[in-house]
Amino acid sequence: MVATNNLKTPQGQASFEISAYLQARQRLCDVALEGAIPIVYPEKIYEAMRYSLLAGGKRLRPILCLATCEMAGGTIEMAMPTACALEMIHTMSLIHDDLPAMDNDDYRRGQLTNHKVYGENIAILAGDGLLAHAFEFVATNTQNVPAERLVQVIAQLAKAVGAAGLVGGQVLDLDSEGKPDISLETLNFIHIHKTAALLEASVVSGGILAGVKDSDRQRLSRYAQNIGLAFQIIDDILDITATQEELGKTAGKDQKAQKATYPSLWGLEESRRQAQQLVEAAVAELTPFGEGSIPLAAIANFIISRTH
Ligand code: FPP
Ligand code: MG
């Protein structure tokens, strides 16, 4: 992992250690998620939901939400229920993405996929359960936030998962299998919807909870869309260059499914250059937020230096 050199932390220390920051935030999120879904009757479904939710992801979406809320003057406590909901939504999308009717994958987050352990029927229901629980969790657990902000957050999350977000992106992604010659516009459309939309909801909802003004909200959207595309470019690169052990999921899938990817369109080197440019554009959007934006800037840089 990387340390972002020559930066001052919000507390004015000499450097900002992104790796320590991410680890500490990941632990906070893991503790909150651990308590978010108790096991009750019928136990099987709660166990299946917890199996994938607590499998130890990077927690990037919740961390982005918490970091943005803090940067905009809010607190971790205000944002934690939304942060947990984002991870529930992300996890449900992965459970469904791995199903035989979609990508038919056996491994995720270093363990067998949900349907491999619980069967397809329970895996579908575990995804549905997590999606519904995400919205209930935000609505019933958020404290010290005005109701109108909460309604906006819920609308943001719903838009990001629906046909105007993840679902729409996934539809075109499925259509693009076996078509290695799709256009850059179609590839961008897929990833803006399938990947960037939930990252955007993570960042913007953190801002909304803290009460950012409209112009700052738009800056946050642009920051997130840029890091979202950069994230996907790196994902495509890692699918080629990393191992199954590093990724915790099957490697080399894009080529096998004959999918167009950024490296297949541009090559590896140009893909890295484009990702770097997107991160620079993202960080430029943070200028008005001053020193408080150091964590978000460091997260943007982490996204392109990650190895899994
Ligand atoms: C992984 O992409 C999959 C996603 C980022 C989201 C997929 C979206 C759905 C299945 C829709 C879910 C439904 C709702 C209601 C949100 P990938 O297959 O490119 O990456 P991978 O290698 O990690 O599988
Ligand atoms: Mg997949």
Side-chain angles (χ1 to χ4, degrees), residues 1-10 15-19 21-22 25 58-74 79 83 86 90 156 159-160 165-166 169 184-185 187-210 212-238 262-263 266 269-307:
M1 292 231 208
V2 289
T4 307
N5 295 321
N6 304 321
L7 287 174
K8 291 199 161 149
T9 64
S15 67
F16 181 71
E17 290 286 337
I18 183 67
S19 146
Y21 173 87
L22 290 174
R25 290 302 158 91
K58 294 183 282 294
R59 311 308 191 198
L60 180 62
R61 289 149 192 85
I63 293 172
L64 279 169
C65 177
L66 300 177
T68 311
C69 185
E70 276 192 295
M71 178 184 78
L86 285 157
H90 174 54
Q156 272 289 317
K159 187 172 174 201
L166 268 79
L184 178 61
E185 287 68 35
L187 192 62
N188 281 339
F189 183 97
I190 291 171
H191 297 307
I192 286 168
H193 291 77
K194 205 185 71 170
T195 306
L198 196 58
L199 292 173
E200 186 180 352
S202 308
V203 170
V204 171
S205 63
I208 293 171
L209 289 164
V212 287
K213 56 180 194 261
D214 258 10
S215 57
D216 284 344
R217 191 161 149 176
Q218 278 157 26
R219 279 188 171 274
L220 292 174
S221 280
R222 291 194 294 269
Y223 160 85
Q225 282 168 7
N226 283 320
I227 63 165
L229 273 188
F231 183 90
Q232 188 59 50
I233 294 173
I234 299 301
D235 226 55
D236 286 357
I237 292 173
L238 290 174
Y262 291 104
W266 293 331
E269 201 180 319
E270 175 63 10
S271 298
R272 284 197 191 97
R273 205 183 63 80
Q274 296 270 353
Q276 179 67 43
Q277 269 187 1
L278 285 162
V279 164
E280 282 162 20
V283 171
E285 295 291 349
L286 302 173
T287 313
F289 297 103
E291 289 214 335
S293 68
I294 287 171
L296 281 189
I299 293 170
N301 280 299
F302 163 78
I303 279 174
I304 52 168
S305 59
R306 74 196 169 98
T307 54

J.: Let me confirm one number: the CG-CG distance from L296 to L286, rounded to the nearest 0.5 Å.
T.: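 So the gap between those two atoms works out to 5.5 Å.
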J.: Apply side-chain contact (heavy atoms from CB on, under 4.5 Å) to the pair V279 and N226, showing each step before the final yes or no.
T.: CA-CA 6 Å; V279 164; N226 283 320; over 6 Å; no
J.: Of all the heavy-atom pairs spanning A197 and A160, show the shortest one and how long it is.
T.: O-CB, 3.7 Å
J.: State whether a side-chain donor-acceptor pair under 3.5 Å links D214 with Q218.
T.: no
J.: From E200 CD over to L64 CG, what is the distance, rounded to the nearest 0.5 angstrom?
T.: 12.0 Å
J.: How close do I233 and S271 get, heavy atom to heavy atom, and via which atoms?
T.: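 What the structure gives for the nearest pair is CG2-O, 3.3 Å.
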J.: Pair L86, S205 - check side-chain contact (heavy atoms from CB on, under 4.5 Å), show working.
T.: CA-CA 10 Å; L86 285 157; S205 63; 4.1 Å; yes
J.: What's the shortest heavy-atom distance between V203 and T68, and which atoms?
T.: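 Shortest heavy-atom separation between V203 and T68 comes out as O-CG2, 3.2 Å.
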J.: Under 3.5 Å, is there a donor-acceptor pair between the side chain of H193 and the main chain of F189?
T.: yes
J.: For Q156, enumerate each residue passing the side-chain contact (heavy atoms from CB on, under 4.5 Å) test, keeping only those at least two apart in sequence or located in another chain.
T.: A201, V204, I208, R217
J.: To the nearest 0.5 Å, what is the distance between CG on D216 and OH on Y223?
T.: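 Output value for this atom pair is 14.5 Å.
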J.: So, taking the atom named CG in L60 and the one named CD1 in I227, what distance separates them when rounded to the nearest 0.5 Å?
T.: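 One finds 6.5 Å between CG of L60 and CD1 of I227.
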J.: Given E270 and R273, is the salt bridge (charged side-chain N to carboxylate O under 4.0 Å, His left out) satisfied, shown in steps?
T.: CA-CA 5 Å; E270 175 63 10; R273 205 183 63 80; 2.9 Å; yes
J.: Looking at CG of L187 and CH2 of W266, how far apart are the two atoms once the value is rounded to the nearest 0.5 Å?
T.: 7.5 Å
J.: Starting at CD of Q232, measure out to CD1 of I192 and round the result to the nearest 0.5 Å.
T.: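 Atom-to-atom, Q232:CD and I192:CD1 are 11.0 Å apart.
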J.: To check you understand the geometry: which heavy-atom pair defines the closest contact between L209 and A79, and what is its length?
T.: CD1-CA, 3.8 Å
J.: Which atom names give the shortest non-hydrogen contact between A67 and Y21, and what distance separates them?
T.: CB-OH, 3.3 Å
J.: Taking all atoms of both residues into account, what is the closest heavy-atom pair of S293 and G290, and its distance?
T.: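 Shortest heavy-atom separation between S293 and G290 comes out as OG-O, 2.7 Å.
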J.: What's the verdict on side-chain contact (heavy atoms from CB on, under 4.5 Å) for N301 and I18, showing C-alpha distance, side-chain angles and the deciding distance?
T.: CA-CA 9 Å; N301 280 299; I18 183 67; over 6 Å; no
J.: Report yes if some heavy atom in the side chain of L220 is under 4.5 Å from a heavy atom in the side chain of M71; otherwise report no.
T.: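 Side chain of L220 against side chain of M71, heavy atoms only: contact under 4.5 Å found.
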